[in-house]
Every structure is written in C-alpha cells, then in structure tokens.
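Just below is one structure, and these are the notes that go with it.
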Amino acid sequence: MPFPVTIVTPVDGPAGARRPLELLEAALIRTGLELRCFGDEGRYTERPGMLAHVARSSSAVLYGLHLTVGRSPDGPEEPADVAAIRTAADFVHAVRAHNDRVPILLFGEQLTARRIPQSVLSRIDGVVNAYEDTPDFLARKIQREVSHYLGQLAPPFFAALMRYASDGAYSWHCPGHSGGTGFLKSPIGTLFHDFFGENLLRADVCNAVEELGQLLDHTGPIADSERLAAKTFRADHLFFVTNGTSTSNKIVWNSLVGPGDIVAVDRNCHKSVLHAIVLTGAVPIYLMPTRNKAGVIGPIPRREFTAEALREKIEASPLIADKNRPIRLLALTQSTYDGIIYRADAIRGILDGVVDAIHFDEAWLPHASFHDLYEGMHGVANDRTRTTKTVVYATQSTHKLLAGLSQASQILVQDSADGRFDERVFAQAYRMHTSTSPQYAIIASCDVSAEMMAGKRGPALVEETITEAMEFRRTVIRIGAETPDWWFGVWGPDTPPRTGLPERSEWELTADAAWHGFDRVDDGFAMLDPIKVTLTTPGLTVHGAFSPPGTPSIPGVVLARYLAEHGVVVEKTGLYSLFVLFTIGITKGRWNSLIAELHRFKSAYAGNAKIERLMPAFAAAFPGYAGSGLRDICEALHATYRDADLAELSTTIYTEPVEQVTLPTAAWTAMAAGRVEHVPLENLAGRTTAVLLTPYPPGIPLLVPGERISATIVRFLRHEQILARRWPGFTGITHGVAGDDDHRTVACLRDEDTRP
C-alpha cells in the first residue's frame, strides 16, 4: 500500500504503555494494512519536513497520547499530562497545516473529552482507547477510516479514469495501440510499453468513452472536476486545457477579438499572444515595460494603464483609422519571466470600464492565490471586489510551478458585476483550438493538480516553496559575505540572514531601491516573486557596468553549459545570470546540490581547469576549445561582450521606439502567400519584417510582423552572427532569422505590402 498507517509514540510515554499498542499493531497487520512507526525516534516528527511527509503519505495517523491513568477528572492536572497534551496539540496542528483530510486518531487509556482540550478534539477524527474494545475491532474501525479517506482522495475525473483503466474491458476505439496491446507486437514497442507502464497506456483513450465525460463540451466527470477546481482557484468559471497556455491564450482571444478590434498588449508578452493578434486580425497598441542593463525585464509604469495614456497610444497609431473605437482587450504578462508581478487589484480598478476585458497571462503565477504574500497580486479572485463592467480572464500553466504534466493549463474567468462573460461564444473558441483527441493523462493531471491545492494543502505547498527559495537566497548571500574573493549573487533585495518567510514590503519595487536597476518604478505597484530566483555571476552590474580586465568575469552561458553537463538544467540564461525556478517539487537536497556544484565551478575557475576535463561532452561537440582553460574562455568571452557593450545593445533593442508599418495579420497573409523577400542581415535596416523576431535567450519577441527593422536591431543581429562564428556553443539564436552562420536572412515584406 503506498499510504501506510503512521503510528507515532512520543518518547516520554510511561513504561508498560507499549504493550496495548503492540496488540493493536498486530491486529492492523492482520487486516492487511501496512504500518509505519515512529517509536523512540518520535522526536524527529517535530521537524517540518517529517511532519509534511507524514501528512501527505499516510492513510491514517495514530498518535499515542499517554495521560495519568486513574486521575480524578476534577483534580489538578499533572505536569506530565499538561506537557503531553501540549505536544499532541502541536503535532495535530502541524499535520493539519499540510493535510486537512487525513484521519488522525488519538490512542491511549481513558482518553475523554474532559481531558482532551477542544483545540485538539476539533482537529482529530476520533479517539481509540485501549482495552475498551478488542484489538481486532479497533483495527477494523481504523481500516474503515482508511478506506473512506482513500476512497475520497481522487477528484472526479481522475477517479473515473482510474476505474475505466482498471476495468479490464476490451478497447474497440482509437487510439490504435488498444490500451498498450499494439506496442507489445514489436520489440521497440515493448520497450516503449515497459518504459511508460500499462496504466498510462490503458488510460490513453478517445472521447468515445462516455463515462469519462467530454472535454470539448465540459460534461460528466470533467465538468465536475472543473467546477471543483474553480472553487479551489477562486474563479467563477474554470476550464482545463491540454495544449498549454499558448493555446489557452488563443482561446481567450478568439472568444473576444475580431478583425479591426483595438487591443492593448504588454510588449513583454509571450509569443502566443502575438500569434493571437495575427489570428484575430486585431490592431495592437503596446504598453512598454522598463528594463535594466542586466537584461531583466521590469514593470510597465502605472500611467501606461490609464485611460488617458491608452487614448494617446490610439491617437498616435498609424494603423487605427477610427480613433473612437473602444479597446476590446488588454493583455498583461503576470508574472514576467523574471518574476515581476503587478498589483492586479489596482490594475483591475484602473481599467474597469476602460477596456471590455482584461487578460492576465499568469502562466508563471498559478500559485499566487494560495498565499498571503501574493494577496491582491493575481487577476482572478471572486472573493474580492468585482469589476463593474470589465470581465477578467487569467490563463495559467499548471505544469510550470504546480504538479501538472507538460501542456497542462487552465483558463479562469471572473464575471463582472454586469455578468458579461458569454460562455456560448467561449465554447466555440474553445472547440476551435482544442483537439478532438485530447490526452487524458494531461486532463487527469489538471484535475489532480487542482485537488492538490484544495483546502490547506495548497497554502502549505506554496509556503514550503517560498521557504526553500528564501533559504537558497540567504545561503548564496551568506556564502558571498564569508568568501574573501568572489562568489555568485542573487538578484533581489539583500534579505537579512534570518529564517522564515519574507516580508512582502522587502519585495515590493520602490524608486529608491538600487538593487533592481530599473529607471522607472512606481512605489508598491509591483513586486518580485521570491521563488523566481535570478542567480547572478561576476562580470556585470544591473546598471550595465562591466568588470574591468583581470577581475572575475563569468558569462552566464558558460556556467549554464557547465551545470547542464553536471546534471543541473536551468530555466533561462542571461548575459551574466541564470534563472532558477523554485516550484512545489524543489527540495533541500536539490538546491543544496546546486550550491555544491557552484563551489566546484568556482574551484575549476580558480585552477583554470581544461575544458575537455571539466566538460568532456561539450569539448567533444566543439573540439575547437580543446586545450583551453575555463578562466581563459570566460575572460575572452567577457572581453567580447564588453567591447561590443552588449549590455547596452541588448537593452536598447527592446526599449527603442518601434514603427508599425502594417497590421500583423496583413504581414502574415503576405508571408503565407509567398509575397516576401529573404533579405540578408546587411540589407535589413528599414525593411518590414514578415516574421516574429525572437532572441533566445530570453525568448521575448523583439519585433512583430509588420514592424520596421531599425539599424540598432540590425547591429544586434550582426553581432549575434559574429558571436556564433567566434564562440560556437556559447551563443543564442534569434528565431525568425534563417540560414547558417555565414549567410543569415529575414523574411521581409515587399514594398507593395507595406501599407496599413
């Protein structure tokens, strides 16, 4: 059984108290239950990690509470009894903080409500007194609690899918592997079957299985699970999506936006939002975020969200003929890739009635509604004041920070006071973008991910994540303070070397704080999410100052290459930074291993270790580095960055004004019709791009189809080409640029198509 009954006996139990518990343990084993006992080692359950493990992995918890036998209920409490009850109360409270449903029973002699305080009684599921009933009867009572708990554990869809997969019925519908049997007819198929397991393949079914419900129609167990998830995430409506938040974004847009509609879009948006602009024929105006010289994207100034500022953008747009058209939708990245999140409540208030709908792209923020640190910082919360006229949407990647499988996503909707969400139109857009053959394992992971966050379980998981991230940050800062020469850093406020949760005020961006490096910041309008950790390397400040020659300088891409070869894969790489994402799956062992690997890198840098010894796989792929030392490579690449002032260049390309020449959808239409020219980099200045230009890293679109390519952007692309020739393996790439390192081109519109 994956969920044993956990028996906890405090170390201070009286002599002879063990015998009745031994009889009960034997009876529990006879019923077929698996046991896990903490005897004299019970002191370890006081550790938060152990308590969390007990709460999450037990089918029931039996806690031995030993009180003075025969004491008069009206007499004074024995000091030992007071201490035992306090210990039991602390234990029960700690377990309940992680799991509000697991059965907890007290075991002892003559335990009564007169001796157990209400603070304990209200949190437990029963009392088991030795000698009042036979051990076998007590075991059956506990078994009933276990069966009830485990039977209620799975949410509706996952429960239905497990029943179907274990039913043993023959499959006469697609997919063709028929529950995995088809794979067993081939050696490689058998290998595939054994790798993924029979349960996954038996659960891979088609929409002909009516008892599982329909994702496209939101019926049956799927609908039941979506309703439960909506309650958990505080939404009026919630819809599971199996094609990732890229598809969730397009569903929202196609349900609201049509050709010619004006949309206001965060320039820092994900490319799926820009794809949605192309698909819908919308006319975009852009809200411009700030950016520091280390490549970290900052917040959009508060004024950009006001009706006056949006009206100015409409007036200035060459693509909008009717300046009186309303703004149909405003889309905001919440949070940014680097962890900047806005005060969503303030934005909802500013925009209510100014735009028809707000779309918070919360791909990186599904955890925010489960902790007070983020209160007011997430878009949908139906227990807060509603907007009067504007409907609010949020799209979330449950697979990014929660426990969904890849592509698990969800759409949240909060009605306005006028109730303007049109579910009928939304349903058509949903069907337009959703496969008629969805992967049921992804649906189940959406279901399970939501259930994991229900009740007290979600806040406990998020609090653990925040705590681990803070401990990592504080460890990096402490090592840096204790190291005489150089060490790595973490971007964020210089948190004191204390323990516990962060103070929210420390993480709110203010104009007088030097750590963030942004030029324009409105006090208290945005904050840094502490679980999004940007690990910084020596070589560049947030204000764009490069380290002088002869001082430690470690480009981020070199460290990222080293870590990847040693089993540590980071989320994103900057010029002199790595993005380390803390999720509910991060453990102390994992981040401490990263710390240890950073120490090893530092030693290798100090000794100028040969690249073929330090990174043999990389050296085999790029033999030109054979014989080179790690420090030598870092210093030479750093000099290349410094000489080109790459920090300034990579900031300017994102912050300089952009000229819109024609609608994105018109540019795509020309591209699809073949009316484009593939222009070499040296001839690009002044041309109009027909494709998205997206540098990786960081993966944020630089230009949208239909926009003019500036001389600065050409300089960046040319420098990227030079870097690729000189530093193979240590450079990024801009999606939208075609060709090899010697001849790169960009698809541009012909002159006849460069009109609004």
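Values in this document were obtained by computation on a predicted structure and should not be read as measured data.
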Minimum heavy-atom distance between [X] and [Y], given as atom pair plus value:
| X | Y | answer |
| --- | --- | --- |
| Val691 | Pro705 | C-CG, 3.7 Å |
| His543 | Ala514 | NE2-O, 3.7 Å |
| Arg348 | Val380 | NH1-CA, 4.4 Å |
| Leu330 | Leu287 | CD1-CD2, 4.1 Å |

message = Quick check against the 3.5 Å criterion: does Asn608 have a side-chain atom that pairs as donor or acceptor with the backbone of Arg631?
response =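 Yes: the side chain of Asn608 pairs with the backbone of Arg631.
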request  = Mark yes or no for whether Arg478, through its side chain, and Arg473, through its backbone, hold a donor-acceptor pair below 3.5 Å.
outcome  =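 No, because the side chain of Arg478 does not come within donor-acceptor range (under 3.5 Å) of the backbone of Arg473.
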key: Test log, rule side chain to side chain donor-acceptor pair (under 3.5 Å), inputs Ser248 and Ser409   = CA-CA 7 Å; Ser248 292; Ser409 178; 2.8 Å; yes
task = Dump the intermediate steps for salt bridge (charged side-chain N to carboxylate O under 4.0 Å, His left out) on Arg744 and Glu720, then the final yes or no.
result = CA-CA 11 Å; Arg744 296 186 175 187; Glu720 186 179 63; 3.7 Å; yes
Exercise: do [X] and [Y] side chains pair donor with acceptor under 3.5 Å:
| X | Y | result |
| --- | --- | --- |
| Thr395 | His359 | yes |
| Ser272 | His270 | yes |
| Lys271 | Thr694 | no |

key: Side chains of Thr745 and Val679 in contact at under 4.5 Å (non-hydrogen atoms)   =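 Heavy-atom side-chain distance check fails, nothing below 4.5 Å.
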Could you tell me how the ring of [X] sits relative to the ring of [Y]: parallel (under 30°), tilted (30 to 60°) or perpendicular (over 60°)?
| X | Y | value |
| --- | --- | --- |
| Phe472 | Phe582 | tilted |
| Tyr641 | Tyr576 | perpendicular |
| Tyr625 | Phe622 | perpendicular |

message = I'd like to know whether the aromatic ring centres of Trp507 and His516 sit less than 6.0 Å apart in this structure.
response = no
task = Assert yes or no for the condition that the ring centre distance of Tyr654 to Phe716 is strictly below 6.0 Å.
result =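 Here the rings of Phe716 and Tyr654 have centres that are no less than 6.0 Å from each other.
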ask   = Going through the checks in order, is the side-chain contact (heavy atoms from CB on, under 4.5 Å) test met by Ile358 and Asp352?
value = CA-CA 9 Å; Ile358 304 173; Asp352 190 14; over 6 Å; no
request  = Go through the steps to decide whether His371 and Glu463 satisfy the test side chain to side chain donor-acceptor pair (under 3.5 Å), and finish with yes or no.
outcome  = CA-CA 7 Å; His371 202 277; Glu463 186 157 309; 3.0 Å; yes
inquiry  = Under the salt bridge (Lys or Arg N to Asp or Glu O under 4.0 Å) definition, can you give me all pairs with a residue in residues 679-698, not counting sequence neighbours?
reply    = Glu677-Arg687, Glu682-Arg718
request  = Scan residues 548-570 for pairs that pass side-chain hydrogen bond (donor to acceptor under 3.5 Å, both in side chains), counting only residues two or more places apart or in two chains.
outcome  = Tyr562-Glu597
To the nearest 0.5 Å, what is the distance between [atom1] ([X]) and [atom2] ([Y])?
| X | Y | atom1 | atom2 | result |
| --- | --- | --- | --- | --- |
| Leu461 | Thr583 | CG | OG1 | 10.5 Å |
| Ile347 | Ile300 | CD1 | CD1 | 7.5 Å |
| Ser603 | Leu630 | OG | CG | 11.0 Å |
| Phe360 | Met377 | CZ | CE | 10.5 Å |
| Leu401 | Gln396 | CG | CD | 10.5 Å |
| Ile595 | His599 | CD1 | NE2 | 6.5 Å |

ask   = Can Arg474 and Glu471 be said to form a salt bridge (charged side-chain N to carboxylate O under 4.0 Å, His left out), step by step?
value = CA-CA 5 Å; Arg474 290 165 180 157; Glu471 288 302 300; 3.5 Å; yes
task = Output all residues satisfying side chain to side chain donor-acceptor pair (under 3.5 Å) with Arg343, sequence neighbours left out; order by chain, then residue number.
result =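 So Arg343 forms a side chain to side chain donor-acceptor pair (under 3.5 Å) with Glu508.
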request  = Identify the residue among Leu365, Asp338, Ile340, Thr336 that makes a side-chain contact (heavy atoms from CB on, under 4.5 Å) with Asp529.
outcome  =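 Only one of Leu365, Asp338, Ile340, Thr336 forms a side-chain contact (heavy atoms from CB on, under 4.5 Å) with Asp529, namely Leu365.
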Ion pair present between [X] and [Y], side-chain N to carboxylate O less than 4.0 angstrom?
| X | Y | answer |
| --- | --- | --- |
| Arg504 | Glu375 | no |
| Arg715 | Glu656 | no |
| Lys313 | Glu304 | yes |

message = Would Ser577 and Trp491 count as a side-chain contact (heavy atoms from CB on, under 4.5 Å) here? Give the steps.
response = CA-CA 9 Å; Ser577 64; Trp491 181 69; over 6 Å; no
request  = Check the pair Leu351 / Ile327 against side-chain contact (heavy atoms from CB on, under 4.5 Å), numbers first and verdict last.
outcome  = CA-CA 10 Å; Leu351 294 173; Ile327 299 174; over 6 Å; no
request  = Please say whether the positively charged group of Lys602, taken as NZ for Lys or CZ for Arg, lies over the ring of Trp486, i.e. under 6.0 angstrom from the six-membered ring centre and within 45 degrees of the axis.
outcome  =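 Yes, Lys602 lies over the aromatic ring of Trp486.
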key: Row check, Phe546 ring normal vs Arg642 NZ/CZ: under 6.0 Å, within 45°   =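 No, a cation-pi geometry is absent between Arg642 and Phe546.
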